[in-house]
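Sharing a structure here in structure tokens format.
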Amino acid sequence: MNYQTFQPHQDLEALVSCYWTLEIPAEYSAERQRIVPDGCIEMAFILGDDIKRYTSQDEFILQPRAMVLGQTLAPFCIEPTGYVNTFAIRFYPYGFANFVTTPIEQLANKETPLTSLFDASIVNELERSIINAEDTKQRIAVIEKFLLERLNEQSTIDTIVKQTVDALLTSNGTATITTILKEDLSKRRQLERNFKKQIGVSPKQLGRVIRLQSALKMLLNKETDSLTKIAYESDYFDQAHFNKDFKEFTGISPTAFLSNEQMALSTLFYK
DNA sequence: AAACTAGCTCGGCGTCATAG
DNA sequence: CTATGACGCCGAGCTAGTTT
């Protein structure tokens, strides 16, 4: 298994968190993997064999080979059908809205083929270039050219939304909406409306995802082995609340998660 | 300690009035 | 016509007890 991340070009670093690649030979190809919401939107290109996404216990769909994965609020499972080779772009929560006119809310909780977001001929050309590229470096060059070309001149993200996301990120998801808005409480409704359109989920929901992620990082980095401690340090009122959110976003309880082999892959993504 | 629960606050959202 | 802000309902989320 080979997972790597790469930093974006300067002009994109405000919007793109990183590029990443994952390669797993077919013989090691893992069983079902649990994907936990992390607040980010990803664009992914499947370069290896198809990947299944389970829609229920025993039903699945094959993911589009060039797609965007929107905000999610619940865990889901994917499973490789063979050789895994994926190239992906991880956008910050407000990153992707700058490249499309589609309301981001419509991308939430599912994968959307690139062809429904951009002109078909452009997508074909892009996909071809990505597939034919010799290495990741070239792929990054291709996608950056594409992104920079499409970057809307006028910043489509309004400042209140950006400020709110930043406040949520720096507070590990614990800042309350009222605190963030402070003197501008009249903007509350406006924030909610724009947030959904530009981020895809509500402010509080994103905050909860970020808070859980911060707890998850602590858990995976083995900073402490006490779940109670993690709960308090992540600013949960008590362990019960932590457990509840954990189950909601990951699908299993913290202890089950820790003992689960699936953790191996998750660990890679949350450094 | 953990589980339960009553009561409070906060956030999401429908709706309406007004502004641009 | 769309964008904005006010208002209020109500369910979600949080807190602080009380009970097991």
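Just so it is clear, the model here is predicted, and its values are computed rather than measured. Proteins get letters first, then strands, A, B, ... in listed order; numbering begins at 1 in each. The analysis underlying the following values was restricted to heavy atoms, covering all of them including side chains, and did not include hydrogens, waters or symmetry mates.
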Query - Approximate separation, where rounding is to 0.5 Å, of A:Met1 CE and A:Glu23 CD - result: 12.0 Å
Report summary line: Contacts of A:Thr228 and A:Ser202 projected onto DNA chain B by closest heavy atom; the upstream (5') one is A:Thr228
Query raised in the report: Taking 4.0 angstrom as the limit, do A:Arg211 and A:Asp235 come out as a salt bridge?
Result: no
Query raised in the report: Does any pair with a residue in residues 137-148 of chain A pass salt bridge (Lys or Arg N to Asp or Glu O under 4.0 Å), and if so which ones, sequence neighbours excluded?
Result: A:Lys145-A:Glu149
**Report entry** Shared hydrophobic cluster, A:Val84 / A:Leu62 (ILVMFWY, side-chain heavy atoms < 4.5 Å)
**Finding:** no
Query raised in the report: By side chain to side chain contact (heavy atoms under 4.5 Å, CB included), which residues pair with A:Ser171, not counting sequence neighbours?
Result: A:Thr174, A:Ala175
Report summary line: Going 5' to 3' through nucleotides 5-20 of chain C and flagging B where a protein heavy-atom sits under 4.0 Å of the base, S where only the sugar-phosphate is that close, and - otherwise, we get BBBB----SSBB----
Query raised in the report: Who pairs with A:Pro64 by side chain to side chain contact (heavy atoms under 4.5 Å, CB included), at least two apart in sequence or on another chain?
Result: A:Met67, A:Glu111, A:Pro113
Query - For A:Ile210, side chain to side chain contact (heavy atoms under 4.5 Å, CB included) partners two or more places apart - result: A:Leu168, A:Leu169, A:Leu206
Query raised in the report: Could you give the start and end, 5' to 3', of the contact zone on DNA chain B for chain A, using atoms under 4.0 Å from its heavy atoms?
Result: B:dG11 to B:dT15
Report task. Taking only Lys NZ, Arg NE, NH1 and NH2, and the carboxylate oxygens of Asp or Glu, determine whether A:Arg188 and A:Glu192 approach each other closer than 4.0 Å. Result -> yes
